[in-house]
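Presented below is the structure to which this report refers.
Residue indices begin at 1 and follow the sequence shown. Side chains are part of it too, since the values below use all heavy atoms of this structure and drop only hydrogens, waters and symmetry mates.
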Amino acid sequence: MKVLPALAALVLLTTTSLSACSAIGEGDDSPSPEADGTITDVVLVAHDSFSLPKKLVQQWEADTGYHLVVRASGDAGELTTKLVLTQDSPTGDVAFGIDNAFAGRALAEDVFAPYAVSLPAGAEDYTLPGDGARMLAPIDTGDVCVNVDTTWFAEHDLAPPKTLDDLTDPAYRDLFVTAGAPTSSPGFAFLLATIAAKGDGWQDYWSDLMANGAKLTKGWEDAYYVDFTAGGGADATRPIVLSYDSSPAFTIDKTTGTSTTAALLETCTRQVEYAGVLDGARNEPGAEAVLEFLLSPEVQAALPRSMYVFPVRDGIDLPPDWAKFAVQPTSTLDVAPEDIEANRDTWLTEWSDITSR
């Protein structure tokens with residue numbers, strides 16, 4: 001997950017680093033019982049972007065007597081698939097990183113057991129509907145949004161777009177780049193945003209978007225670092241990109257002290273990441289302890305700098321640049337988890353048909 005420090009916040013759910021495993025615990029470790037039979041290892045199965053300060057984890061281990069072992073398992077989609085495939089014989093005790101776009105699949109396959117941890121103030125705002133609220137605890141949140149290079153638009157004397165509809169305006173032909181829906185978590189989130197906004201007309205919207213020269217990439221990194229004009233690519237030509245609401249906090253001009261990019265807050269869809277106790281966990285008490293740890297004030301305060309996401313717990317102070325430039329939308333374009341699960345394959349097939357024409 002670690003990339004150029006100035007842009008590190010943008011890699012949520014899109015990169016593949018195993019740094020969390022090496023910093024916290026080797027992914028190949030197996031639970032080791034004490035002489036009295038107590039299991040001290042607790043295995044956390046997480047997406048590749050999981051990362052927390054080493055000292056914070058070490059203090060938790062000293063306080064609880066547990067040893068945290070992290071097994072990185074791809075992005076949110078890959079993580080969900082692996083958890084479903086190993087449901088009868090889970091590879092860990094607790095999982096982190098399933099988001100609201102994939103939660104329905106994991107719940108339908110009975111991957112998780114009910115947890116007993118009490119949620120802190122604020123976290124209740126992000127719980128899943130129905131039984132999902134008892135199975136998956138919200139840990140962090142963020143929004144996938146279209147971003148613009150404000151410097152590029154100022155230099156070209158062109159007003160930047162504001163809405164999804166603006167992206168189909170000929171004034172912005174060949175200026176937008178986004179990661180594809182089948183190969184990228186934020187790309188799939190953007191598809192969901194257009195479905196939420198357009199309903200039964202989302203296919204027509206995508207036809208118009210492609211006709212206006214939208215470019216698709218396999219993942220977020222290619223879109224941002226190669227094609228986006230504010231991403232550092234030597235041959236970048238596109239000043240509109242799909243990214244996150246936190247992205248502008250990491251494109252600060254050192255001379256002016258202002259951000260050179262902006263998130264279009266009318267285009268955003270919410271992502272919430274959850275953690276839960278795996279059904280059949282060998283170390284269920286340890287799994288519960290990890291949930292408490294992830295929801296603690298200390299971890300919640302570390303999330304913006306460690307995993308570049310917003311905490312769900314009330315009363316957590318954000319880093320100064322986040323408080324100023326990582327502006328969150330007042331409303332988002334969201335699809336219910338049960339609707340995502342019921343229609344995912346159909347939507348992706350239709351999207352692929354439209355974008356391949």
Of [options], the residue whose pairing with [X] passes side-chain contact (heavy atoms from CB on, under 4.5 Å):
X	options	answer
T261	F250, F228, W152	F228
F310	L318, L303, I316	L318
L175	V241, T229, I240	I240

Quick one: list whatever passes salt bridge (Lys or Arg N to Asp or Glu O under 4.0 Å) with E292, sequence neighbours left out.
none

Once ring pair (Phe, Tyr, Trp, His ring centres under 6.0 Å) is applied, do any residues pair with F153, and if so which ones, sequence neighbours excluded?
none

Does F190 have any ring pair (Phe, Tyr, Trp, His ring centres under 6.0 Å) partners at least two apart in sequence or in another chain, and if so, which?
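Once residues adjacent in sequence are excluded, the partners of F190 under the ring pair (Phe, Tyr, Trp, His ring centres under 6.0 Å) criterion are F176, W206.
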
Examine the side chains of [X] and [Y] and answer whether a donor and an acceptor come within less than 3.5 Å of each other.
X	Y	answer
T81	R105	yes
S259	T251	yes
T332	D334	yes

Partner set under side-chain hydrogen bond (donor to acceptor under 3.5 Å, both in side chains) for E350, not counting sequence neighbours:
Q203

Would you be so kind as to tabulate the donor-acceptor pairs closer than 3.5 Å made by side chains of residues 208-219, with sequence neighbours excluded?
| residue | atom | partner | partner atom | Å |
| --- | --- | --- | --- | --- |
| N212 | ND2 | L167 | O | 3.0 |
| N212 | ND2 | D169 | O | 2.8 |
| K215 | NZ | D227 | OD1 | 2.8 |
| K215 | NZ | D227 | OD2 | 3.4 |
| T217 | OG1 | G219 | O | 2.9 |

Side chain to side chain donor-acceptor pair (under 3.5 Å) with W220: which of S243, S184, S185?
S243

With a cut-off of 6.0 Å (strictly less than), are more than 12 heavy atoms of other residues, nucleotides or ligands near NZ of K198?
yes

Using ring centroids (six-membered ring only for Trp), state whether F188 and W347 fall under 6.0 Å.
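Ring centres of F188 and W347 not closer than 6.0 Å.
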
Quick check on ring-ring contact (aromatic ring centres under 6.0 Å, His included): which of F102, F96, Y274 does H47 satisfy it with?
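Single ring-ring contact (aromatic ring centres under 6.0 Å, His included) partner of H47 among F102, F96, Y274: F96.
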
Pair listing, disulfide (SG to SG under 2.5 Å) test, anchored in residues 124-188, at least two apart:
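Passing the test, one end in residues 124-188: C145-C268.
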
Between R71 and D48, is a salt bridge (charged side-chain N to carboxylate O under 4.0 Å, His left out) present by the stated rule, with each step listed?
CA-CA 9 Å; R71 289 182 176 156; D48 288 346; over 6 Å; no

Any side-chain heavy atom of V94 within less than 4.5 Å of one from L278?
no

